[in-house]
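Everything numeric in this text was worked out from a predicted model, so none of it was measured. Chain letters run A, B, ... following the sequence lines, proteins first, then strands; residues in each count from 1. Only this structure's heavy atoms are used, side chains among them; waters, hydrogens and symmetry mates stay out.
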Amino acid sequence: MGLTLQSTGASILKEMFAVQTDSQADLIVALAGNPNTGKSTVFNSLTGLKQHTGNWPGKTVTNAQGKYTYDGDKYILIDLPGTYSLLANSVEEQIARDFICFGQPHVTVVVADATCLERNLNLVLQIMEITDKVILCVNLMDEARKKGIHVNLNKLSTLLGIPVVGTAARTGEGLLELKETIKSVAKGQIQTRPRHIEYDRLLQEAVEQIEPRVHALLGDKINSRWVALRLLDSDQALFEVMDHFFNFVLSADEALAENLAKAQLFLKKNHIDLNELRDRIVASLIKTAEKISKQVVIVENKNYNYFDRTLDGILTSRFFGIPIMIALLGVVFWLTIKGANYPSALLATIFFHVERYLTFFLHWLGAPALVHEILIHGVYRTLAWVVSVMLPPMAIFFPLFTLLEDLGYLPRVAFNLDHYFKKACAHGKQALTMCMGFGCNAAGVIACRIIDSPRERLLAILTNNFVPCNGRFPTLIALAGIFLVGSAGIFSSLAATIAVLSTIILGILLTFLTSRLLSSTILKGLPSSFTLELPPYRKPQIGKIIIRSIFDRTLFVLGRAVAIAAPAGLIIWVMANFSVQGQSLLAHCAQFLHPFAQLMGLDGYILMAFILGLPANEIVIPILIMGYMAESSMLELDSLLELKQLFLDHGWTWVTAVCMMLFTLNHWPCGTTLWTIRKETQSFKWTLLSFIIPTVTGIIICFLVAQGARILGLV
Amino acid sequence: MNRKLIPLNQVPTGFYGKVKKLIAEGQARRRLLDLGLINDTVVEVLRKSPAGDPTAYQIRGAVIALRAEEAAKLFVEIIHD
Ligand SMILES: Nc1nc2c(ncn2[C@@H]2O[C@H](COP(=O)(O)OP(=O)(O)OP(=O)(O)O)[C@@H](O)[C@H]2O)c(=O)[nH]1
């Protein structure tokens with residue numbers, strides 16, 4: 001199988017260790033912490049960058065680096081993936097641990113959740129075993145206050161032996177103090193004395209048998225007590241990386257091997273096998289965390305999570321959970337469709353007014369007719385269409401979606417749907433990756449890293465394309481809008497919403513079906529263990545959401561679309577206007593594809609638009625329009641109504657619209673997504689499969705619909 | 001007092017159980033341990049998902065959903081209070 005722990009792990013590690021320092025004097029700061037504790041928020045507010053944040057565990061999967069300057073020094077900040085532990089049960093844990101061990105950060109800041117400190121302390125204690133230079137940042141202090149949870153930070157600092165800073169990263173509270181503390185620890189102005197975990201007597205004795213030799217070999221490069229424990233734990237992966245970074249093969253040392261054998265025998269005599277050893281290590285950590293937390297956390301209000309429970313009771317309720325979910329999705333789409341109509345039309349009008357001025361301007365410049373044609377009819381018009389069709393739905397959809405994400409609703413979706421994913425032999429977290437797919441399939445594919453079992457991860461990657469991303473979404477909306485919004489009024493947009501919603505539900509059903517098929521054929525195997533955290537709900541910051549989703553996401557996606565659409569517009573224009581044997585190249589190609597396309601209820605131009613749209617799905621409609629316009633007399637196109645007329649002139653019926661919607665949902669992933677899949681799976685085979693599966697599905701479904709409609713005499 | 005051990009997935013919603021035995025092996029075992037499910041940890045059964053599985057549990061201050069297969073590997077003693 002292509003996607004093994006090793007293969008992805010190795011490639012991510014390479015990514016990870018490429019820390020870009022400008023000078024030797026730069027100080028490296030690693031940010032570690034449990035998932036969803038606000039690491040990325042801390043990262044963003046320290047560096048001014050805009051890493052993705054959201055209320056669900058596991059968003060940060062790629063390594064992010066940023067810089068900030070404080071008091072004359074430059075700091076390089078590394079945002080590590082969120083993990084609960086460092087005992088390397090997953091790729092993320094391995095990355096985080098290896099970076100802390102071998103990336104040689106000057107300081108490691110552990111971000112913890114004040115509302116759930118005990119759980120977070122487990123990781124803090126583990127990191128303290130590896131390095132002395134640790135700072136604990138107790139984040140979400142505002143949430144804790146609201147819930148009546150008090151954390152005695154001073155006492156915590158004394159008990160742990162490391163500096164502790166309380167923050168509320170969202171409001172910026174405590175960040176200055178954090179910077180100051182980072183500086184003091186990095187420069188050795190504060191000496192930290194991390195408390196040692198007390199393991200039980202037998203473990204301590206075994207450790208003592210090997211630690212001196214480890215220390216003799218490795219010196220102060222790494223904490224020798226910790227290495228001794230890992231040796232007992234036979235942590236193979238760690239020693240491979242260690243060989244790599246220290247250029248030193250620990251296992252080759254005979255004296256050490258001898259000591260190790262002795263210690264292992266000692267453990268065995270005392271009936272401690274590997275399982276028992278691990279249990280004891282984990283139990284010591286957890287008990288220490290429990291003990292510390294009991295001394296520093298005071299919960300004033302025992303019912304602090306009453307609100308969360310009540311809300312969960314509604315949103316994941318037996319009877320209403322799934323209907324509410326569909327209704328929420330429906331409302332989001334309805335608002336998007338309804339809301340996008342007017343601004344879309346307005347933008348189109350504005351753009352085509354501007355076109356007139358541009359034309360005047362070019363004439364005034366005395367530009368040759370050909371230049372004018374290419375620039376205006378090729379590049380400008382394509383751009384205008386991409387922007388006016390895509391911008392409004394995105395500017396509405398993204399903020400709404402981010403709202404749900406920030407609230408913490410997405411993990412509940414996974415919870416509601418896991419049963420069905422299980423039936424398809426997939427993982428409930430796939431629901432999260434699918435949600436990300438609504439934004440962008442490439443992002444959805446990367447998000448699949450949160451699924452820690454290779455098989456289910458692969459399933460999620462291969463089927464992510466069944467959720468329509470933002471590049472395809474406007475196409476669906478436009479088609480539904482044009483062909484189903486016959487009568488004006490509220491019902492028409494309701495019909496359009498239902499059409500789009502059904503397409504999406506179909507996509508979800510296909511995801512289940514394909515997952516099921518794949519897992520009973522090429523991806524056989526039992527589902528791995530499943531744990532899903534449901535984080536507390538958090539009040540979304542409406543203002544920030546709007547700004548962030550418009551500027552970070554909408555403009556980013558739009559920018560990408562525009563960057564691709566402009567040159568594509570040029571090429572298409574050339575193809576549409578360059579004649580061979582009295583016919584344009586575009587027409588030649590379209591004619592060639594036509595017979596096949598017709599079987600699927602499409603026509604040659606449509607299929608061609610999909611093929612040329614490989615770089616980005618956003619440009620499918622503009623290409624189509626240009627293809628049609630090149631051979632039609634109508635040159636002005638300034639409303640959706642005229643667009644409908646253009647389509648009708650080319651023999652469209654509602655079946656054409658439906659088939660095109662279906663093919664929009666099911667066809668090859670865009671270029672970026674394919675490239676991402678290649679990178680994530682490290683395998684050409686899986687990339688190819690991710691191309692073939694949706695394409696074949698799309699062809700079959702369109703064929704069935706088109707032929708069915710024909711046989712039933714519906715058209 | 002009832003000392004009988006029952007698998008966590010059979011504990012009804014709203015009840016508390018104290019972990020007494022973990023029979024999972026390998027990766028699954030580690031993952032459950034990482035959640036803090038060591039002996040004597042008290043787990044509250046919060047709610048079942050709409051289809052009846054997975055189930056959400058309150059474990060050391062966090063809400064974690066486990067599938068029935070996983071929960072069945074944890075044996076608990078029901079706490080009556
Ligand atoms: N109220 C409040 N919310 C916060 C604070 N810090 C972060 N958040 C919110 O908590 C959620 C999680 O924050 P992220 O920064 O995405 O968390 P992360 O630790 O990077 O998460 P992973 O990527 O899963 O590891 C987001 O919705 C943030 O807006 C805070 O100090 N106060």
Side-chain angles (χ1 to χ4, degrees), chain A residues 34 83-85 87-90 93 113 115-120 122 275 278-279 281-287 289-290 293 297 305 308-309 312-313 316-323 325 411-412 414-420 422-423 428 452-453 526-536, chain B residues 7-9 12-76 79 81:
Chain A
N34 282 19
T83 60
Y84 296 110
S85 153
L87 296 170
N89 297 322
S90 68
E93 290 183 15
D113 178 350
T115 65
C116 188
L117 193 66
E118 182 185 332
R119 174 134 199 259
N120 288 248
N122 181 13
N275 256 347
R278 273 180 197 162
D279 285 11
I281 293 178
V282 176
S284 307
L285 286 163
I286 288 171
K287 279 190 194 133
E290 189 182 285
S293 139
V297 180
N305 49 16
D308 281 286
R309 290 187 176 200
D312 264 344
T316 66
S317 117
R318 171 123 191 231
F319 299 107
F320 302 118
I322 290 180
M325 195 186 75
R412 272 74 191 181
F415 181 63
N416 281 341
L417 292 179
D418 178 64
H419 182 71
Y420 307 101
K422 188 167 112 187
K423 282 209 165 138
D452 37 29
S453 134
L526 289 169
S528 69
S529 67
F530 168 89
T531 54
L532 171 76
E533 174 158 14
L534 304 175
Chain B
L8 183 59
N9 64 326
T13 310
F15 281 76
Y16 293 78
K18 198 180 223 173
V19 177
K20 284 297 172 190
K21 203 165 98 194
L22 171 61
I23 58 166
E25 288 294 324
Q27 201 76 301
R29 183 184 188 87
R30 292 192 141 202
R31 210 157 279 144
L32 292 173
L33 286 174
D34 271 346
L35 294 174
L37 290 164
I38 58 170
N39 273 356
D40 295 333
T41 304
V42 176
V43 176
E44 180 187 356
V45 184
L46 288 180
R47 80 178 47 78
K48 293 190 179 309
S49 80
D53 182 46
T55 304
Y57 300 95
Q58 176 97 24
I59 303 167
R60 294 186 183 268
V63 180
I64 312 279
L66 298 176
R67 284 182 177 168
E69 290 90 328
E70 256 89 53
K73 291 174 183 155
L74 278 159
F75 285 83
V76 300
I79 304 176
D81 57 329

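- In this structure, CD1 in B/Ile64 is found 7.5 Å from CG in A/Leu534, a value given to the nearest 0.5 Å.
- Both the backbone and the side chain of A/Asp418 come within contact range of chain B, judged by heavy atoms closer than 4.5 Å.
- When every heavy atom of A/Phe415 is checked against every heavy atom of B/Pro54, the shortest pair comes out as CE1-O, 3.8 Å.
- A/Ser317 touches chain B through its backbone: at least one of N, CA, C or O sits under 4.5 Å from a heavy atom, while the side chain does not.
- Between A/Arg309 and B/Val63 there is no side-chain heavy-atom pair separated by less than 4.5 Å.
- Judged as a salt bridge (Lys or Arg N to Asp or Glu O under 4.0 Å), and not counting sequence neighbours, the contacts of B/Arg47 are A/Asp312.
- Contact annotation for A/Tyr420: only side-chain heavy atoms (C-beta onward) come within less than 4.5 Å of a heavy atom of chain B.
- Distance check: A/Leu87 CG to B/Arg31 CZ gives 12.0 Å after rounding to the nearest 0.5 Å.
- Of all the listed residues (A/Asp279, A/Thr115, A/Val282), the one sharing the greatest number of non-hydrogen pairs under 4.5 Å with chain B is A/Asp279.
- Not counting sequence neighbours, B/Asn39 has no partner by the side-chain hydrogen bond (donor to acceptor under 3.5 Å, both in side chains) test.
- The two residues A/Ile286 and B/Leu33 have their closest heavy-atom pair at CD1-O, 3.2 Å.
- Contact annotation for B/Leu46: only side-chain heavy atoms (C-beta onward) come within less than 4.5 Å of a heavy atom of chain A.
- Between A/Lys422 and B/Asp53, the shortest heavy-atom distance links the atoms NZ-OD2, 2.5 Å.
- Between A/Thr316 and B/Ser49, every side-chain heavy-atom pair lies at or beyond the 4.5 Å cut-off.
- When all heavy atoms are compared, the tightest approach of A/Glu533 to B/Ala62 is OE2-CB, 3.8 Å.
- Top candidate by heavy-atom pairs under 4.5 Å with chain A, chosen from B/Arg29, B/Glu25, B/Glu69, is B/Arg29.
- At least one side-chain heavy atom of B/Leu35 sits less than 4.5 Å from a side-chain heavy atom of A/Arg119.
- Taking CZ of B/Arg60 as the start and OG of A/Ser293 as the end, the distance is 9.0 Å to the nearest 0.5 Å.
- Proximity to chain A (any heavy atom under 4.5 Å) is restricted, for B/Lys48, to the backbone atoms N, CA, C and O.
- The part of B/Thr55 that comes within reach of chain A is its backbone (N, CA, C, O), which places non-hydrogen atoms under 4.5 angstrom from that chain.
- The two atoms that bring A/Cys116 and B/Gly61 nearest to each other are SG-O, 3.7 Å, heavy atoms only.
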